[in-house]
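Take a look at the structure below.
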Amino acid sequence: MAGRINDDDVKAVRDAVPIDAVVSDYLQLRSAGGGNLKGLCPFHDEKSPSFQVSPSKGLFHCFGCQEGGDTIAFVMKIDHLSFSETVERLAAKGGITLRYEEGGYNPASQRGERTRLVEAHKIAAEFYVEQLSGPEAETGRRFLAERGFDQAAAEHFGVGYSPVGWDHLTRFLRGKGFTDKELLLSGLSQDGRRGPIDRFRGRLMWPIRDISGEVVGFGARKLREDDNGPKYLNTPETSIYKKSQVLYGVDLAKKDIAKASRAVVVEGYTDVMACHLAGVTTAIATCGTAFGGDHIKILRRLLMDNGSARVIFTFDGDAAGQKAALRAFEDDQKFAAETYIAIAPDGMDPCELRLAKGDDAVQDLVQPRTPLFEFAIRQIVGRYDLETPAGRAAALDEAAPIVARIKNGSSQHEVAVQLAGILGILDTQFVVKRVAQMARWARDRGGRGPAPAPERRSQHSQSYAGAPQGPAGPALNLRSPAHRTERELLKLALQRPELVSPAFDAYGEDEFTAPPYAAVRRAIEDAGGAEQGLESAPEYLARVRDAAPNDVVRAMVTELAVEVFHGKTIDEVYAGQQLVQVRLRAVDRRVGEVTGTLTRLGTRSDPDHYAAVQKELWVLQQYGQSLRNDGAAAL
């Protein structure tokens, strides 16, 4: 049984690995003001960024789906890891050696399954790279050289070679302490007659890395004529490798994709290499599968999905390439980015083009020219006999829905006019109206989903209410001035405790009228009060989150800890205003309650009791007046 990781080491991991550095491995972040960063949420689909990261607090929160937490929570969620696996991965990134309560320093037997499989792939990648320099790998080196790749290129992309023998890698990994079960689970080995044998033998090997740069699989190219396997053989689906969720080269390309707001999608490993070496460092490729929805999610997060972004697909000019382009167009509407297609002259792929015409030709190839929708239209129209009325009508029936899907309204009209010309239909307005009608139908169908989209709200008004993907919880009256002030005060207590301490710690739960806010107030109290935040903000926030009774309250704590303030200047004056408003409203509520009590008692009640209630009312009224006159000085 795995030992428990030492608490001090967990804290050291949290402190050593900045949350923005970790999140930036998965999505592009931009300034959100107030020291926070924002990006497209990796946990749900969205068009505008509602995912915020607070580097100073070590927290993230999405105001759309309500996911939130610290660095460890982010990695656990996005990579589907256990707590121990996450801490181990981050510890390796931060250069921290972990201690385990039941067994000393980081023994291999205590490592999580995913960590073990990733480590096996890392060692395998190093093994394959070493084998590429051996005599047996001459055919592999020649294959690379014939395609314009020298030793430096092979090293840059980590290309290696798998020996011909049955179990070279298997025996090597066993020597590193990996079990047969781990080797089979990793996909690096497969069952043989007498136990595990190497899955890849006598092939050129490309390591496939996830977006964070960890090797999770391999693509293997056949080199020998006596190899009866497929031309390319990929790692099978494993717990760490899902071919529909990885893009080859994304670890190298992600920063340039985010910087240039452009991605180039090519078809193979050598095409990615050729593009990068030619200066097109935004090139990526799928791994033995069609470009699909999960790939789009990866690119959208890197591109921030703004309208100025560009995605360029390069496909071979043959029938298979054209079919792939049409499949890509089916997912076009999932992008906010504009999509284009690039087909090299004579049907060459980028690798062949670089060999034949040089780096400049590759760079020229990927300059956006033909919109993907235009290519799709021409491919569709080309299947019909436009010399006959029936052929033109059939082509219009199939092509018009394509034009109707174009996002930009003015572009849609212009392309509809072009479609009329391509079809040879003289009545241009007939085609334009037909396209517009189909666009309306598409919008109407989209509006009749199972549930209407929630009303759009600003990040300041996001709460439990109206967030169907978030945790359930008591509703907040988002238009209530009282709730807004209570929210602002709690944000101050979590983010700027020095401005509200020690006064805040004297406030009771009953001074917060919204049940979620009262629960957060209780969590702060259980964590030792806001004054604890004066010593170490990250530790204080961690204690408050730990003190939350459930995930609903914990999510609210995280949300309030990263949300920006309403005020322009956040200082003692602003903090005093929030303290006074919350206290004054609590006093006024109590005045109303006491006044009601006096009315119910009447003059016939016990004189002493009646006098005591009258005195309480007078004290409350005087205190309320002092708050109105003197502000925070009366607290």
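All residue numbers refer to positions in the sequence shown, counting from 1.
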> Quick one: CG on Leu299 to CD1 on Ile284, what's the gap to the nearest 0.5 Å?
Replying inline: 5.0 Å
> Is Arg89 salt-bridged to Asp25, cutoff N-O under 4.0 Å?
Replying inline: no
> Between His121 and Val118, is there a donor-acceptor pair closer than 3.5 Å when you use the side chain of the first and the backbone of the second?
Replying inline: no
>> Between Asp571 and Thr569, is there a side-chain donor-acceptor contact under 3.5 Å, judged purely by atom types and distance?
In response: no
> Counting only N and O atoms by type, is there a donor-acceptor contact under 3.5 Å from the side chain of Glu511 to the main-chain atoms of Gly508?
Replying inline: yes
>> What I'd like to find out is whether the side chain of Tyr517 reaches to under 4.5 Å of the side chain of Val582, using heavy atoms alone.
In response: no
> With a 4.5 Å heavy-atom cut-off, do Lys242 and Val246 have their side chains touching?
Replying inline: no
> Given side chains that start at C-beta, do those of Glu88 and Glu119 come closer than 4.5 Å, heavy atoms only?
Replying inline: no
> So do the side chains of Phe51 and Glu67 get within less than 4.5 Å of each other, counting heavy atoms only?
Replying inline: no
>> Under the criterion salt bridge (Lys or Arg N to Asp or Glu O under 4.0 Å), I'd like the reasoning laid out for Arg484 against Glu486: C-alpha separation, chi angles, the key distance, then a yes or no.
In response: CA-CA 6 Å; Arg484 286 202 301 270; Glu486 291 169 19; over 6 Å; no
> Relative to the ring of Phe60, is the ring of Phe43 parallel (under 30°), tilted (30 to 60°) or perpendicular (over 60°)?
Replying inline: tilted
> Only one of Asn6, Leu90, Val13 clears side chain to side chain contact (heavy atoms under 4.5 Å, CB included) with Leu98; which?
Replying inline: Val13
> Would you find a donor on one side and an acceptor on the other, under 3.5 Å apart, between the side chain of Glu498 and the backbone of Leu534?
Replying inline: no
> Are the side chains of His44 and Cys62 in touch, meaning some heavy atoms are under 4.5 Å apart?
Replying inline: yes
> Taking all atoms of both residues into account, what is the closest heavy-atom pair of Arg114 and Asp210, and its distance?
Replying inline: NH2-OD2, 3.7 Å
>> I need the Leu27 CG to Ile298 CD1 distance, nearest 0.5 Å.
In response: 12.0 Å
>> Between Gln495 (side chain only) and Leu560 (backbone N and O only), is there a donor and an acceptor less than 3.5 Å apart?
In response: yes
> Roughly how far, to the nearest 0.5 Å, is the CD atom of Glu113 from the OG atom of Ser84?
Replying inline: 13.5 Å
> Should the pair Asp588-Arg585 be classified as a salt bridge under the 4.0 Å nitrogen-to-oxygen rule?
Replying inline: no
> Between Tyr507 and Arg583, is there a cation-pi geometry (under 6.0 Å to ring centre, at most 45° from the normal)?
Replying inline: yes
>> Counting C-beta onward and ignoring hydrogens, is there a side-chain heavy-atom pair between Arg522 and Val553 closer than 4.5 Å?
In response: no
>> Tell me which one of Lys491, Arg545, Arg487 satisfies salt bridge (Lys or Arg N to Asp or Glu O under 4.0 Å) with Glu559.
In response: Arg487
> Counting only N and O atoms by type, is there a donor-acceptor contact under 3.5 Å from the side chain of Asn36 to the main-chain atoms of Val564?
Replying inline: no
> Side chain of Tyr26, backbone of Pro42: donor and acceptor closer than 3.5 Å?
Replying inline: no
> How long is the span from the CD atom in Glu237 to the OG atom in Ser244, to the nearest 0.5 Å?
Replying inline: 6.0 Å
> Would you say the side chain of Phe504 lies within less than 4.5 Å of the side chain of Pro497, judging by non-hydrogen atoms?
Replying inline: no
> Rounded to the nearest 0.5 Å, how far does NZ of Lys254 lie from CZ of Arg301?
Replying inline: 11.5 Å
> Does Arg521 reach the main-chain N or O of Asp505 with its side chain, forming a donor-acceptor pair under 3.5 Å?
Replying inline: yes
> Are any of the side-chain heavy atoms of Leu635 and Tyr623 separated by less than 4.5 Å?
Replying inline: yes
> Counting only N and O atoms by type, is there a donor-acceptor contact under 3.5 Å from the side chain of Asp630 to the main-chain atoms of Ala633?
Replying inline: no
> Between atom CG of Leu492 and atom CZ of Phe565, what is the distance when rounded to the nearest 0.5 Å?
Replying inline: 4.5 Å
>> Could you check whether any side-chain N or O of Asp9 sits under 3.5 Å from a backbone N or O of Arg99, counting only pairs where one atom can act as donor and the other as acceptor?
In response: yes
>> Are there over 12 heavy-atom neighbours, none belonging to Glu572, within less than 6.0 Å of that residue's CD?
In response: no
> Any chance NZ of Lys255 has more than 12 other-residue heavy atoms, nucleotides or ligands included, within less than 6.0 Å?
Replying inline: no
